[in-house]
S.K.: 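Following this message is one structure expressed as structure tokens.
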Amino acid sequence: MVEHFDELETRSADAREASLAECLPALIGAAMRAPGIAAHLEGVDPSSVTSRAALAKLPVLRKSDLGAAQKGAPPFGGLTTKPAHAFAHIFQSPGPIYEPGDVSRDWWRLGRFAHAAGVGPGDIVQNCFGYHLTPAGMMFENAARAVGAAVLPAGTGQTELQVRAAADIGTTCYAGTPDYLRIILEKAEEMGERLKITKATVSGGALFPSLRQSYADRGISCLQCYATADLGNIAYESAAMEGMIVDEGVIVEIVRPGTGDPVAPGEVGEVVVTTLNPDYPLIRFATGDLSAVMDGISPCGRTNMRIKGWMGRADQTTKIKGMFVRPEQVAAFVAAHAEISRARVVATREGEMDVMTVQIETEASDPARFDSGIREALKMKGVIELVAPGSLPNDGKVIDDQRKYD
């Protein structure tokens with residue numbers, strides 16, 4: 001098997017940026033032929049978007065925007081560049097949100113991940129992702145086809161039958177959530193069957209180091225990817241297992257939660273993705289997930305940006321004193337005061353009363369100067385704590401709910 005999926009994976013940084021400068025105007029121009037995208041990017045000149053910095057000035061598209069658009073223009077909210085009947089599949093995710101799917105080679109771009117995991121011709125992939133309504137099953141089937149592997153479309157559940165099939169056909173690779181493989185292996189031991197699985201490609205749940213090690217102890221290499229129903233593959237592990245390498249078919253930004261503003265390299269923020277899929281070109285789609293950029297490139301030779309993987313959720317909206325407080329409100333408060341670098345709302349309880357504390361990174365020394373700004377932005381009064389710039393934790397939180405509900 002060749003080391004890399006294609007030459008795109010080992011491009012220089014300059015070559016990658018030059019490619020973006022060339023393809024972004026065309027992508028956005030094509031995307032704006034979709035009515036929903038055109039409305040979202042009203043007034044944008046596609047020819048002006050030739051860099052990451054220019055892209056970062058465009059508005060963020062959120063999951064809630066998809067739901068609202070799809071109610072007005074079902075099934076895809078006018079966000080696709082071809083009609084619904086022109087796609088091979090239509091999927092439903094919780095919400096409900098509807099996503100298109102196709103069967104052309106590596107449409108979801110997960111073949112790149114499968115290749116990095118060592119899957120290819122000669123492998124039989126037991127695909128234990130769901131095939132019912134949601135797209136994960138078809139996404140991983142499409143990946144296996146892209147690298148020339150055969151597929152057993154196993155779906156979820158019926159573990160004894162899963163073991164029987166794996167033993168009879170000689171499954172070599174598992175695809176599914178991280179923990180279900182353990183259930184299959186334990187059932188195989190109970191049934192006295194010896195399986196030939198040596199590779200596992202997983203997603204959709206936490207891959208804890210202890211679980212990965214338990215697979216390694218059984219001779220199974222387990223790698224994970226970060227993908228969503230809307231965007232396909234976003235980032236993936238290679239055998240180096242040092243962070244997750246951003247896919248070549250997307251542009252990933254890490255932004256301050258509640259805004260579209262990129263954070264400094266290494267700082268935790270919300271993952272925002274632009275997909276270069278001409279059929280479904282989501283522009284600056286906010287995933288709601290937290291992550292951070294890693295320095296350098298992967299030891300495996302793939303040169304694209306790396307992220308640390310999933311680090312929590314960016315939607316930290318909570319209710320304090322009966323009022324919702326959202327990351328967008330905290331961002332507005334910070335933006336209104338040039339002397340503030342960052343702020344964090346901390347929710348606690350004193351007796352039976354909610355307490356809102358606003359921690360502010362600033363060189364200022366008088367808390368009172370921020371009192372009216374807090375009341376205006378957050379719609380209530382809070383305790384103000386001034387802290388030194390750079391002292392708040394780098395965890396992506398702008399709202400920290402420390403109240404206990406048990």
Side-chain angles (χ1 to χ4, degrees), residues 1-32 41 44-58 81 104-118 120 143 146-147 223 225-227 231-255 260 262-267 269 271-285 287 291-309:
M1 179 182 290
V2 295
E3 186 175 0
H4 298 113
F5 189 70
D6 57 28
E7 70 281 357
L8 298 180
E9 294 183 349
T10 54
R11 287 181 290 178
S12 68
D14 288 344
R16 188 171 280 110
E17 294 308 305
S19 175
L20 288 182
E22 182 179 341
C23 75
L24 270 175
L27 172 79
I28 292 174
M32 291 180 71
L41 299 181
V44 171
D45 176 8
S47 66
S48 69
V49 186
T50 58
S51 66
R52 293 177 188 269
L55 180 67
K57 295 177 182 178
L58 302 184
T81 56
S104 56
R105 185 179 186 272
D106 210 24
W107 193 83
W108 305 96
R109 304 178 318 282
L110 281 161
R112 192 176 299 281
F113 165 52
H115 183 88
V147 296
L223 298 180
C225 75
Y226 170 32
L231 298 162
N233 192 24
I234 298 171
Y236 61 98
E237 288 185 322
S238 71
M241 287 193 288
E242 292 190 12
M244 305 188 85
I245 303 157
V246 171
D247 181 70
E248 297 295 334
V250 296
I251 302 168
V252 168
E253 303 169 81
I254 307 295
V255 308
V263 300
E267 188 174 337
V271 178
V272 168
V273 181
T274 295
T275 173
L276 306 181
N277 183 341
D279 297 332
Y280 193 31
L282 296 177
I283 310 297
R284 301 203 80 206
F285 184 75
T287 64
S291 192
V293 173
M294 296 176 64
D295 288 333
I297 63 173
S298 173
C300 71
R302 293 171 175 86
T303 57
N304 208 348
M305 181 175 81
R306 292 180 299 163
I307 59 175
K308 292 184 178 179

S.K.: Hey, are Thr303 and Arg16 close enough side-chain-wise for a donor-acceptor pair under 3.5 Å?
M.R.: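 Their side chains do contain a donor-acceptor pair, which is all the 3.5 Å distance test asks for.
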S.K.: Roughly how far, to the nearest 0.5 Å, is CZ of Arg302 from NE2 of His4?
M.R.: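 Between His4 NE2 and Arg302 CZ, I get 4.5 Å after rounding to 0.5 Å.
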S.K.: Of all the heavy-atom pairs spanning Val49 and Leu24, show the shortest one and how long it is.
M.R.: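 Nearest heavy atoms, Val49 then Leu24: O-CB, 3.3 Å.
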S.K.: For Thr50 versus Pro25, what's the shortest heavy-atom pair and its separation?
M.R.: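 In terms of heavy atoms, the two residues are closest at CG2-CG, 3.7 Å.
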S.K.: Determine the minimum heavy-atom distance between Leu41 and Met32, stating which atoms define it.
M.R.: O-CE, 3.6 Å
S.K.: Does a donor on one side chain sit under 3.5 Å from an acceptor on the other, for Trp107 and Asp279?
M.R.: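 A pair is found: one side chain offers a donor N or O, the other an acceptor, under 3.5 Å apart.
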S.K.: Over 60° means perpendicular and under 30° means parallel, so tell me whether His115 and Phe5 are parallel, tilted or perpendicular.
M.R.: perpendicular
S.K.: Does Arg11 come within less than 4.0 Å of Glu248, counting only side-chain N to carboxylate O?
M.R.: yes
S.K.: Nearest 0.5 angstrom please: Phe285 CZ to Ile234 CD1, how far?
M.R.: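 So the CZ of Phe285 and the CD1 of Ile234 are separated by 9.0 Å.
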S.K.: At their closest point, which heavy atom of Cys225 faces which heavy atom of Leu110, and how far apart are they?
M.R.: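 Smallest interatomic distance, heavy atoms only, reads SG-CD2, 3.6 Å.
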S.K.: So, do Leu282 and Thr274 sit near enough that their side-chain heavy atoms are less than 4.5 Å apart?
M.R.: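 Not in contact.
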S.K.: With sequence neighbours excluded, what pairs up with Arg112 under the salt bridge (Lys or Arg N to Asp or Glu O under 4.0 Å) test?
M.R.: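 Only Asp6, Glu9, Asp247 meet the salt bridge (Lys or Arg N to Asp or Glu O under 4.0 Å) criterion with Arg112.
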S.K.: Less than 3.5 Å apart, any donor N or O on the side chain of Tyr226 or Thr287 sitting next to an acceptor on the other?
M.R.: yes
S.K.: As an exercise, state the distance from CD1 of Ile28 to CG of Asp45, rounded to the nearest 0.5 Å.
M.R.: 10.0 Å
S.K.: What is the distance from atom CD1 of Ile251 to atom CE of Met305, rounded to the nearest 0.5 Å?
M.R.: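 Here the rounded value is 10.0 Å.
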S.K.: Are Glu253 and Arg284 close enough for a salt bridge, meaning some N to O gap below 4.0 Å?
M.R.: yes
S.K.: Which heavy atom of Cys23 sits nearest to which heavy atom of Leu276, and what is that distance?
M.R.: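 Taking Cys23 first and Leu276 second, the nearest heavy atoms are SG-CD1, 4.3 Å.
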S.K.: Between Glu237 and Ile245, is a side-chain contact (heavy atoms from CB on, under 4.5 Å) present by the stated rule, with each step listed?
M.R.: CA-CA 6 Å; Glu237 288 185 322; Ile245 303 157; over 6 Å; no
S.K.: Is the number of heavy atoms from other residues, nucleotides or ligands under 6.0 Å of Glu17 CD greater than 12?
M.R.: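 Result for CD/Glu17: enclosed.
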S.K.: Under the salt bridge (Lys or Arg N to Asp or Glu O under 4.0 Å) rule, collect the residues that match up with Glu267, sequence neighbours excluded.
M.R.: Arg256, Arg342
S.K.: By the definition side-chain contact (heavy atoms from CB on, under 4.5 Å), identify the one residue from Thr275, Val44, Leu58, Val272 that meets it with Ile283.
M.R.: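 Filter result, single survivor: Leu58.
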S.K.: Calculate, to the nearest 0.5 Å, the distance between atoms OG and CD1 belonging to Ser291 and Ile254 respectively.
M.R.: 5.0 Å
S.K.: Please answer whether the main-chain N or O of Ala31 pairs with a side-chain N or O of Thr81 as donor and acceptor at a distance below 3.5 Å.
M.R.: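 No.
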S.K.: Contact between Val263 and Val255 at the side-chain level, heavy atoms closer than 4.5 Å - yes or no?
M.R.: no
S.K.: Measure across Leu231 and Val273 and return the closest heavy-atom pair with its distance rounded to 0.1 Å.
M.R.: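 Shortest heavy-atom separation between Leu231 and Val273 comes out as CD1-CB, 3.7 Å.
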S.K.: Could you walk me through whether Glu242 and Arg306 pass the side-chain contact (heavy atoms from CB on, under 4.5 Å) test, one step at a time?
M.R.: CA-CA 9 Å; Glu242 292 190 12; Arg306 292 180 299 163; 3.6 Å; yes
S.K.: For Ala240, what residues pass the side-chain contact (heavy atoms from CB on, under 4.5 Å) criterion, not counting sequence neighbours?
M.R.: Ser238, Ser298, Pro299, Cys300
S.K.: Would the distance check show the side chain of Asn304 and the main-chain N or O of Val246 forming a donor-acceptor pair, the cut-off being under 3.5 Å?
M.R.: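 Confirmed, Asn304 side chain pairs with Val246 backbone.
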